[in-house]
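Below is one structure, written out as structure tokens, with a few remarks after it.
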Number of protein chains: 2
Amino acid sequence: MDNELLLLGLLRLESMHGYQLNEFLDKRLGFLTDLKHSTAYYLLNKLEEKGFITKDVEREGNRPERYVYELTPAGRDRFHDLLAANLREAHMPDYNTDIGLLFIDAVPAEDLREALEEKRAGLAEMLETIRVYVDEHPAGSPARYALRHNIAHFEVELSWLDEILEELNSQHIIRGDIFSCIQTNEETA
Amino acid sequence: MDNELLLLGLLRLESMHGYQLNEFLDKRLGFLTDLKHSTAYYLLNKLEEKGFITKDVEREGNRPERYVYELTPAGRDRFHDLLAANLREAHMPDYNTDIGLLFIDAVPAEDLREALEEKRAGLAEMLETIRVYVDEHPAGSPARYALRHNIAHFEVELSWLDEILEELNSQHIIRGDIFSCIQTNEETA
DNA sequence: CGATTCATGTAACGGGTTACATGATTCG
DNA sequence: CGAATCATGTAACCCGTTACATGAATCG
């Protein structure tokens with residue numbers, strides 16, 4: 001759904017052909033999406049079938065033909081619906097990362113430290129590449145909001161890792177395994 | 001992969017049958033996974049095919065038959081590999097949420113405020129249910145680490161939303177649209 | 001006796017990725 | 001001339017979800 005929103009949102013301001021969209025996504029929105037080329041083409045076809053966009057054939061010089069997509073009124077409605085849903089919904093911060101954490105008692109302290117240091121280095125590197133971009137975007141622009149949001153999460157991640165690493169270095173020992181999890185009366189829907 | 005890790009990690013300490021595993025996941029690990037019953041059964045079969053676990057038929061009284069799974073040595077190796085990978089790899093904090101943020105210039109300020117307030121309320125509620133559990137887990141236990149990690153991310157999310165809401169309330173206007181994104185020389189792999 | 005629990009699955013679908021296919025054109 | 005760019009896709013697969021199916025046993 002979010003990918004659909006992304007495509008509609010781009011076409012809302014400017015009609016584009018698939019290749020052009022993919023270029024934009026790669027080169028200018030690389031910091032907030034990984035949408036693959038084939039996925040984009042696939043989605044464009046689907047959106048056209050559903051009547052949210054229309055396809056126009058175009059050709060520039062002797063280059064291959066290209067299909068320029070334009071938002072329809074129905075597409076504009078769809079965009080607003082998806083946008084409202086995205087802004088309204090609270091969604092869980094990803095917790096799959098923490099699955100490994102549950103089993104740290106199975107890893108020798110030295111290996112654990114090494115692994116987490118590596119993770120930390122990777123995160124720090126990602127953060128640095130993002131930091132460079134944030135200042136290049138105009139203050140108050142949506143992109144800058146998104147980038148700062150991202151940075152905030154990277155920072156928690158890093159300080160979180162630092163906390164664990166510090167405890168590891170101070171001989172702090174992890175007590176208990178996964179079975180020390182207590183019963184949580186999770187309401188079943 | 002993370003789900004596989006989770007199942008292997010549970011079976012590492014105790015052989016279990018599918019239903020029992022699912023119960024444990026629902027009632028005691030609900031705060032860090034959403035793994036569905038059918039997915040768990042499917043994964044168990046796959047893990048058995050691959051030789052990471054063995055299946056034993058068991059029956060208690062007149063209850064339906066059940067299949068008790070036990071980790072094999074190959075499974076133990078697999079567990080350690082997946083765990084090492086999980087602990088080592090740096091993975092991007094989810095950015096799909098931010099796609100909506102890119103288009104906030106398309107929403108009237110009042111609607112935007114309302115939507116974000118709703119998101120905020122949802123997040124705050126989730127956070128409260130988690131907070132209750134954290135104190136009930138023994139200090140230094142893996143589960144507590146995971147819970148606190150989760151809480152930290154919820155907190156950034158909330159203060160992040162508060163920041164935006166504050167700017168909205170102080171008549172701060174968002175300038176520029178998605179096309180104000182600059183070119184980021186993302187290295188193509 | 002009806003609902004819930006115990007226990008295991010299958011079928012269809014959804015969303016996305018990877019790898020592959022195609023073919024002209026322009027660049028070095 | 002070979003490589004990269006322009007331009008669009010298909011096929012196979014992967015991981016996971018939803019909805020459905022089954023059937024005995026126990027609970028209230």
Side-chain angles (χ1 to χ4, degrees), chain A residues 1-8 15-27 30 32-50 53 55-69 82 85-86 91-92 94-96 99 186-189, chain B residues 1-8 15-27 30 32-50 53 55-69 82 85-86 91-92 94-96 99 186-189:
Chain A
M1 281 309 81
D2 291 315
N3 288 335
E4 219 175 297
L5 171 60
L6 183 56
L7 293 179
L8 292 173
S15 297
M16 290 179 156
H17 56 92
Y19 192 84
Q20 191 181 357
L21 265 165
N22 276 321
E23 274 233 303
F24 192 90
L25 291 169
D26 285 350
K27 296 200 179 152
L32 78 23
T33 183
D34 255 344
L35 193 66
K36 299 297 188 283
H37 289 198
S38 47
T39 309
Y41 284 119
Y42 170 73
L43 285 175
L44 287 170
N45 286 327
K46 236 185 50 178
L47 288 169
E48 196 211 346
E49 272 174 35
K50 291 200 209 147
I53 55 179
K55 184 202 273 191
D56 246 6
V57 185
E58 193 192 82
R59 153 166 272 156
E60 197 170 278
N62 264 331
R63 296 278 174 73
E65 273 188 340
R66 55 206 198 184
Y67 305 119
V68 179
Y69 293 99
L82 289 177
N86 175 293
H91 97 333
M92 271 269 179
D94 160 44
Y95 38 40
N96 270 0
I99 289 177
E186 200 72 21
E187 309 288 308
T188 34
Chain B
M1 281 310 79
D2 289 317
N3 288 335
E4 218 176 299
L5 171 59
L6 183 55
L7 293 179
L8 293 173
S15 297
M16 289 177 155
H17 57 92
Y19 192 84
Q20 191 182 356
L21 265 165
N22 276 321
E23 274 233 303
F24 192 91
L25 292 168
D26 285 350
K27 297 202 178 150
L32 79 20
T33 182
D34 255 344
L35 193 65
K36 298 298 186 283
H37 289 196
S38 47
T39 309
Y41 284 120
Y42 170 73
L43 285 175
L44 287 170
N45 286 326
K46 237 186 48 179
L47 288 169
E48 197 211 344
E49 272 174 35
K50 291 200 209 148
I53 55 180
K55 184 201 275 190
D56 246 5
V57 185
E58 194 192 81
R59 155 166 271 156
E60 196 171 279
N62 264 332
R63 296 277 175 71
E65 275 190 340
R66 56 204 197 186
Y67 305 119
V68 179
Y69 294 99
L82 289 177
N86 175 294
H91 97 331
M92 271 269 179
D94 159 44
Y95 36 43
N96 270 1
I99 289 178
E186 199 74 20
E187 309 287 308
T188 35

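All chains are named by letter (A, B, ...) in the order of the sequence lines, taking the proteins before the strands, and each is independently numbered beginning at 1.
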Integer-rounded Å distance: [N] [atom2] and [X] [atom1]:
X	N	atom1	atom2	value
His37(B)	dT17(D)	NE2	P	11 Å
Leu21(A)	dA7(D)	CG	P	12 Å
Tyr67(A)	dC6(D)	OH	C1'	14 Å
Asn22(B)	dG16(D)	CG	P	14 Å
Asn3(B)	dG16(D)	CG	C1'	8 Å

Test ring pair (Phe, Tyr, Trp, His ring centres under 6.0 Å) applied to Tyr67(B) - qualifying residues, sequence neighbours left out: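 Ring pair (Phe, Tyr, Trp, His ring centres under 6.0 Å) check on Tyr67(B) returns nothing, list empty.
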Set of residues satisfying ring pair (Phe, Tyr, Trp, His ring centres under 6.0 Å) with respect to Tyr19(B), sequence neighbours excluded: none
Residues from residues 38-47 of chain B lying under 4.0 Å of DNA chain D - heavy atoms: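 Output list: Ser38(B), Thr39(B), Lys46(B).
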From CG (Leu32(A)) to CE (Met92(B)), nearest 0.5 Å: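 The CG atom of Leu32(A) sits 9.5 Å away from the CE atom of Met92(B).
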Asn96(B) and His91(A): side chain donor to acceptor below 3.5 Å: no
For Asp2(B), side chain to side chain donor-acceptor pair (under 3.5 Å) partners two or more places apart: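 Asp2(B) satisfies side chain to side chain donor-acceptor pair (under 3.5 Å) with Asn86(B) once adjacent residues are dropped.
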Those residues that, when tested against Glu48(A), pass side chain to side chain donor-acceptor pair (under 3.5 Å) (two or more places apart):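 Checked Glu48(A) against side chain to side chain donor-acceptor pair (under 3.5 Å); zero matches.
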Would you tabulate the nitrogen or oxygen pairs shorter than 3.5 Å linking the protein to nucleotides 22-25 of chain D?
none

Pairing residues for Glu65(B) by the salt bridge (Lys or Arg N to Asp or Glu O under 4.0 Å) criterion, not counting sequence neighbours: none
Under the salt bridge (Lys or Arg N to Asp or Glu O under 4.0 Å) test, residues paired with Glu58(A) that sit two or more places apart: Arg66(A)
Close side-chain approach of Met1(B) and Glu4(B), heavy atoms under 4.5 Å: yes
Terminal axis angle for the helix from dC1(C)-dG28(D) to dG28(C)-dC1(D), five pairs an end, nearest 10 degrees: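 One end's axis against the other's: 20°.
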Range on DNA chain C touched by chain B, heavy atoms, distance below 4.0 Å: dT5(C) to dT10(C)
Which pairs would a plain distance check flag for residues 33-46 of chain A, meaning a side-chain donor or acceptor within less than 3.5 Å of a matching protein atom at least two apart in sequence or in another chain?
| residue | atom | partner | partner atom | Å |
| --- | --- | --- | --- | --- |
| Thr33(A) | OG1 | Leu35(A) | N | 3.1 |
| Asp34(A) | OD2 | Tyr95(B) | OH | 3.0 |
| Lys36(A) | NZ | Asp34(A) | O | 3.1 |
| His37(A) | NE2 | Asp26(A) | OD2 | 2.7 |
| Asn45(A) | ND2 | Tyr41(A) | O | 3.4 |

